[in-house]
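Each remark here refers to the structure printed beneath this line.
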2 protein chains.
Amino acid sequence: MFNNKRLISIEGIPLYVQIRENLKKDIQEGRLAIGQKLPPEEELAQQFNVSRMTMRRALNDLVEEGLLYRKQGRGTYMSRPQIDRDHTRLTNFFESAKEKGINAAIRVLIADIVPSPLKVASALGLEEGELVIRIKTLRLANDIPVSVVDHYVPYQLFPHLLDCDLEAAHLWDFLEEFGFRVKTAVQTVYAREADSELGELLKIESGEPILFKERTVYAEDGTPIEFTYCYNRGDQYSITMKLTR
Amino acid sequence: MFNNKRLISIEGIPLYVQIRENLKKDIQEGRLAIGQKLPPEEELAQQFNVSRMTMRRALNDLVEEGLLYRKQGRGTYMSRPQIDRDHTRLTNFFESAKEKGINAAIRVLIADIVPSPLKVASALGLEEGELVIRIKTLRLANDIPVSVVDHYVPYQLFPHLLDCDLEAAHLWDFLEEFGFRVKTAVQTVYAREADSELGELLKIESGEPILFKERTVYAEDGTPIEFTYCYNRGDQYSITMKLTR
DNA sequence: GAGTGGTCTAGACCACCCG
DNA sequence: GGGTGGTCTAGACCACTCG
């Protein structure tokens with residue numbers, strides 16, 4: 001280990017990325033023991049034939065990811081492998097269903113242009129009553145209804161949104177087509193009971209638990225581009241996240 | 001703006017931190033317009049009288065925080081201010097109650113040493129049946145019961161934990177006293193119904209919605225130090241988080 | 001005091017984006 | 001082609017930790 005690691009310079013890929021991925025592979029394939037101390041940065045830099053700054057950039061990324069940790073004045077060490085990593089990533093329904101091998105489908109219940117209710121307006125940075133596009137859908141996973149989702153999108157930013165086939169792709173695909181890249185979201189999660197309408201749509205008894213989510217989605221420049229109420233069947237849905245102190 | 005920003009070198013505080021906080025203040029106090037383009041990095045570096053690498057380090061932090069964004073080949077820009085920031089931080093019950101001006105109290109229901117159930121063992125990286133400390137508590141906010149929390153902690157790591165006054169401080173304070181700094185947690189959130197026991201403890205009807213959480217807490221080096229089931233009153237509790245694509 | 005990570009410099013060249 | 005961010009170097013000194 002840690003010998004003759006000189007990289008063959010690969011076209012286009014930054015050195016720190018190559019080093020990072022190289023080390024990550026060593027870690028994930030178990031070639032480094034838990035708690036093991038790594039060589040000092042200076043030495044690693046020599047082995048990889050890069051400057052210390054570049055080496056640090058690679059190490060920083062791995063520390064960020066939680067694979068390594070540093071103790072000032074002592075050294076850099078392997079973390080214990082944790083079960084789950086990389087939560088709090090924003091993924092869309094089709095993407096995550098595909099990863100899990102689930103057959104995803106969307107049925108549009110409402111697609112309309114309406115004046116914005118107060119809460120929607122304030123989330124989207126609009127005046128109350130400014131026009132928004134409302135799209136209410138039912139989501140199915142392997143033909144089982146799992147969520148009712150109520151999207152609100154500023155009409156002024158996406159005047160042609162309703163021309164799209166909203167059952168054919170995820171809403172975000174269309175938002176991106178119109179020039180807004182989905183970047184971050186802030187969401188709040190609650191436990192609620194299903195009312196009779198939700199019960200009917202989700203094929204559960206009314207009164208059964210619902211994981212209820214309010215979410216505001218922002219583009220790269222911070223513009224709010226979507227506000228959503230999301231009602232998820234309690235027995236079919238959970239949310240996993242990673243927190244840092 | 002952007003003139004004569006030369007920093008008086010302040011004792012001990014790294015330059016990139018001073019620059020970062022300086023810019024953050026400008027942003028938060030509205031001295032920079034939304035969407036405004038910043039001067040190029042080279043120029044900023046000159047104004048602050050540092051090298052470009054140091055300037056970049058400061059800017060990187062602000063981009064990370066979502067206050068700025070970059071477009072390669074074009075420039076660095078102000079983001080729109082977003083309502084909420086800095087979620088997905090791990091906070092303890094007493095800390096967050098204090099911030100909100102809520103009077104927090106903990107009542108211990110169970111404090112015992114037991115063989116670990118399978119699920120607990122696997123979360124904590126133990127063999128099934130290895131001893132764990134189980135601490136079950138009721139949390140009150142302004143005398144209203146809000147959560148029932150069931151903690152499991154490896155006995156071997158904290159053999160003297162039960163000597164502590166567990167109602168006097170948060171469990172994490174004791175874990176840190178014994179040498180383990182709480183660093184990260186991975187949690188999964190579900191919607192459930194209250195059973196009769198929970199109903200009684202939380203003073204709600206059985207069948208009412210519960211925001212149920214399973215959480216594994218890790219120390220700095222990745223050692224799992226706590227696994228917890230957490231039952232929160234649906235009408236008193238929500239979780240807010242920020243997601244990134 | 002030796003070992004190690006944390007910060008910082010003053011350059012350099014490249015890749016990308018725009019008019 | 002000019003402006004800009006992305007990457008990289010080869011040094012340097014400081015701050016922290018440990019024996």
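Because only heavy atoms are used, hydrogens play no part in the values below, and waters and symmetry mates are left out as well, while side chains stay in. Below, chains carry the letters A, B, ... as their sequence lines are ordered, and counting in each starts from 1.
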How many whole angstroms separate atom CG of A/L59 from atom C1' of C/dT4? 13 Å
Rounding to an integer number of Å, can you tell me how far A/R20 CZ sits from D/dC8 P? 11 Å
Grab the CG-P distance between B/L68 and D/dG5 for me, whole Å please. 11 Å
Comparing nearest nucleotides in DNA chain C, the 5'-proximal residue of the pair A/G75, A/M53 is A/G75
Separation of C/dC8 atom C1' from B/I13 atom CD1, nearest Å, is 16 Å
Side-chain heavy atoms of B/Y152 within contact of B/L126, under 4.5 Å: no
Please determine whether a side-chain nitrogen or oxygen atom of B/T76 lies at a distance below 4.0 Å from atom OP1 or OP2 of D/dT4. no
Identified salt bridge (Lys or Arg N to Asp or Glu O under 4.0 Å) counterpart of A/D61 within the set A/K24, A/R20, A/R56: A/R20
Run the side-chain donor-acceptor check on residues 158-168 of chain B: report pairs under 3.5 Å with partners two or more places apart or on a different chain.
from, atom 1, to, atom 2, distance (Å)
B/D165, OD1, B/E167, N, 3.2
B/E167, OE2, B/V108, N, 2.8

Residues passing the salt bridge (Lys or Arg N to Asp or Glu O under 4.0 Å) test with B/R215, sequence neighbours excluded, are none
Heavy-atom nearest nucleotide on DNA chain D for A/R52 versus A/Y16: which residue maps closer to 5'? A/Y16
Quick one: B/D61 CG to C/dG6 P, roughly how many Å, whole number? 14 Å
Quickly work out the B/K37 NZ to C/dC17 P distance and round it to whole Å. 14 Å
For the pair made of CD in A/Q46 and C1' in D/dA10, what is the distance, rounded to whole Å? 12 Å
Would you indicate which nucleotide in D/dT9, C/dG6, C/dT4 comes nearest to any side-chain atom of A/S51? D/dT9
Are the side chains of B/T184 and A/R245 in contact, using a 4.5 Å heavy-atom criterion? no
Phosphate-side-chain proximity, B/T54 and C/dT9, N/O vs OP1/OP2 below 4.0 Å: yes
Is A/L59 close to A/R70 at the side-chain level, that is, under 4.5 Å between some pair of heavy atoms? yes
OP1, OP2 of D/dG5 versus side-chain N and O of B/R56: anything below 4.0 Å? no
Does B/L124 reach the side chain of B/E130, with side-chain heavy atoms less than 4.5 Å apart? no
Nearest-Å distance for atom pair CZ/C1', residues B/F48 and C/dC8: 16 Å
Detail all sub-3.5 Å separations between protein N/O atoms and N/O atoms belonging to nucleotides 17-19 of chain D.
from, atom 1, to, atom 2, distance (Å)
D/dC18, OP1, A/R74, NE, 3.4
D/dC18, OP1, A/R74, NH1, 2.9

